[in-house]
Amino acid sequence: MRKTRLIGAGIAAVLAAAVMAGGVAILVREQGTGGGQKVAAFREARTFAISSTLMQIEGPYSLLLGDSQLERLFLPRLCGHPAVNAAIAGTRAAGLRAVADWLKLPRPPETIVVTIGTNDLTRRQRSGHPDATDHFRAETRALFAELAPRAGRVVATAIPPFDADRPGVAKHYDVAAAPAYSAILSEECARAGCRYVDAFAGLRDPAAKARSPDGVHLGLDAAARDRVAARLESAACPELSAPSR
């Protein structure tokens with residue numbers, strides 16, 4: 001019965017999130033009206049399903065953790081092994097710690113890839129919260145410390161690009177703080193002994209950002225996906241990967 005209630009709450013959260021292309025702002029606004037409980041319930045139900053998938057994989061595998069930026073990336077294999085996408089839209093650094101705790105890993109993955117930070121940069125999280133940056137650092141420090149012992153290696157990425165010229169993007173996100181948050185990810189990743197890479201470096205030019213559907217999420221096609229994958233593999237398995245493109 002408990003799982004049934006969780007799944008029901010999760011469906012409600014998904015429907016709410018679908019109203020906006022970004023899939024994030026609605027979730028943020030719901031926090032004050034009980035939406036936070038729905039989001040947490042959905043994440044727990046989702047991690048239950050992901051854990052079931054993990055139990056079916058034999059041999060080495062990689063795990064993708066993060067928010068909708070990574071959830072949208074079709075990357076079934078990494079470094080020659082299956083890659084399980086456990087990213088969940090709307091997740092912030094603190095929420096990702098909960099997701100990682102709920103996941104049942106049958107054995108340590110070869111690599112855990114982490115893409116997080118976009119939702120921590122919403123105006124709702126930043127405006128009026130002078131300690132927001134320190135809080136993000138504390139959460140990412142704890143996250144990497146918890147993940148490092150659970151995998152052969154942990155790879156953290158820079159925050160994907162925003163197109164600040166799109167209507168509404170700068171209104172909902174503190175775009176100017178993104179480089180500082182990426183620097184925090186790099187520093188805390190190094191502290192924990194993981195590897196940092198800007199997997200989205202090839203998607204930061206104006207032409208690439210123009211292909212974004214909403215100015216927040218990456219504009220992805222097979223070629224863009226392959227460039228991201230090459231950069232991830234350069235950090236996760238440099239002995240196997242070709243030079244990043």
Side-chain angles (χ1 to χ4, degrees), residues 1-18 22-24 26-27 35-120 139-140 142-157 160 194 199 217-218 220 225 228-229 232-233 236-237:
M1 292 294 293
R2 182 169 179 268
K3 292 299 180 186
T4 300
R5 289 196 298 271
L6 287 173
I7 292 171
I11 292 172
V14 173
L15 291 175
V24 175
I26 288 291
L27 297 179
Q37 293 180 347
K38 293 178 181 179
V39 172
F42 169 64
R43 288 181 187 147
E44 188 172 0
R46 179 75 182 115
T47 53
F48 175 74
I50 295 165
S51 295
S52 298
T53 298
L54 288 167
M55 294 301 294
Q56 300 172 56
I57 294 180
E58 298 180 354
Y61 70 98
S62 294
L63 184 66
L64 312 182
L65 289 177
D67 51 31
S68 58
Q69 303 281 19
L70 202 57
E71 184 183 46
R72 296 172 65 250
L73 184 68
F74 177 66
L75 191 65
R77 297 184 71 80
L78 184 69
C79 298
H81 305 303
V84 176
N85 196 325
I88 302 174
T91 302
R92 294 186 288 116
L96 190 56
R97 291 180 62 197
V99 169
D101 185 58
W102 286 328
L103 282 172
K104 305 300 181 185
L105 304 180
R107 59 195 169 279
E110 294 292 297
T111 301
I112 295 177
V113 175
V114 177
T115 296
I116 200 68
T118 296
N119 300 307
D120 294 274
E139 289 295 343
T140 53
L143 174 67
F144 292 138
E146 292 164 8
L147 291 179
R150 302 183 69 185
R153 66 190 63 84
V154 176
V155 174
T157 78
C194 68
H217 295 89
L218 299 168
L220 292 170
R225 184 273 319 279
V228 172
L232 289 175
E233 290 187 336
C237 49

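Just so it is clear, the values below take in all heavy atoms, side chains as well, and ignore hydrogens, waters and symmetry mates.
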Please check this pair: side chain of Asn85 against backbone of Phe74, looking for a donor-acceptor N/O pair closer than 3.5 Å. no
Scan for salt bridge (charged side-chain N to carboxylate O under 4.0 Å, His left out) pairs involving residues 61-90, sequence neighbours excluded, and state none if there are none. none
Can you name the nearest heavy-atom pair linking Ala151 to Pro108, along with the distance? CA-CB, 4.4 Å
Positive for side chain to side chain contact (heavy atoms under 4.5 Å, CB included) with Val113, one of Leu75, Leu65, Leu78, Val154: Leu78
Which residues share a side chain to side chain contact (heavy atoms under 4.5 Å, CB included) with Pro60, sequence neighbours left out: His81, Glu110
Hits for side-chain hydrogen bond (donor to acceptor under 3.5 Å, both in side chains) against Thr115, two or more places apart or cross-chain, chain-then-number order -> Thr157
Can you tell me how far OG1 of Thr140 sits from CG of Asp120, rounded to the nearest 0.5 angstrom? 8.5 Å
Value for CG (Leu73) from CG (Leu220), rounded to nearest 0.5 Å, stands at 6.0 Å
Can you name the closest pair of heavy atoms from Ser62 and Pro109 and give their distance? CA-CB, 4.3 Å
Could you go through residues 99-107 and list every donor-acceptor pair under 3.5 Å that involves a side-chain atom there, pairing it with any protein atom two or more places apart or in another chain?
from, atom 1, to, atom 2, distance (Å)
Arg107, NE, Gly59, O, 3.2
Arg107, NH2, Ile57, O, 2.6
Arg107, NH2, Gly59, O, 2.7

Which pairs count as side chain to side chain donor-acceptor pair (under 3.5 Å) when at least one residue sits in residues 142-155, sequence neighbours excluded? Arg97-Glu146, Thr111-Arg153
Leu147 CG to Leu63 CG distance, which is reported to the nearest 0.5 Å: 8.5 Å
Tell me the side chain to side chain donor-acceptor pair (under 3.5 Å) pairs involving residues 45-59, sequence neighbours left out? none
From Arg43 CZ over to Ile50 CD1, what is the distance, rounded to the nearest 0.5 angstrom? 12.0 Å
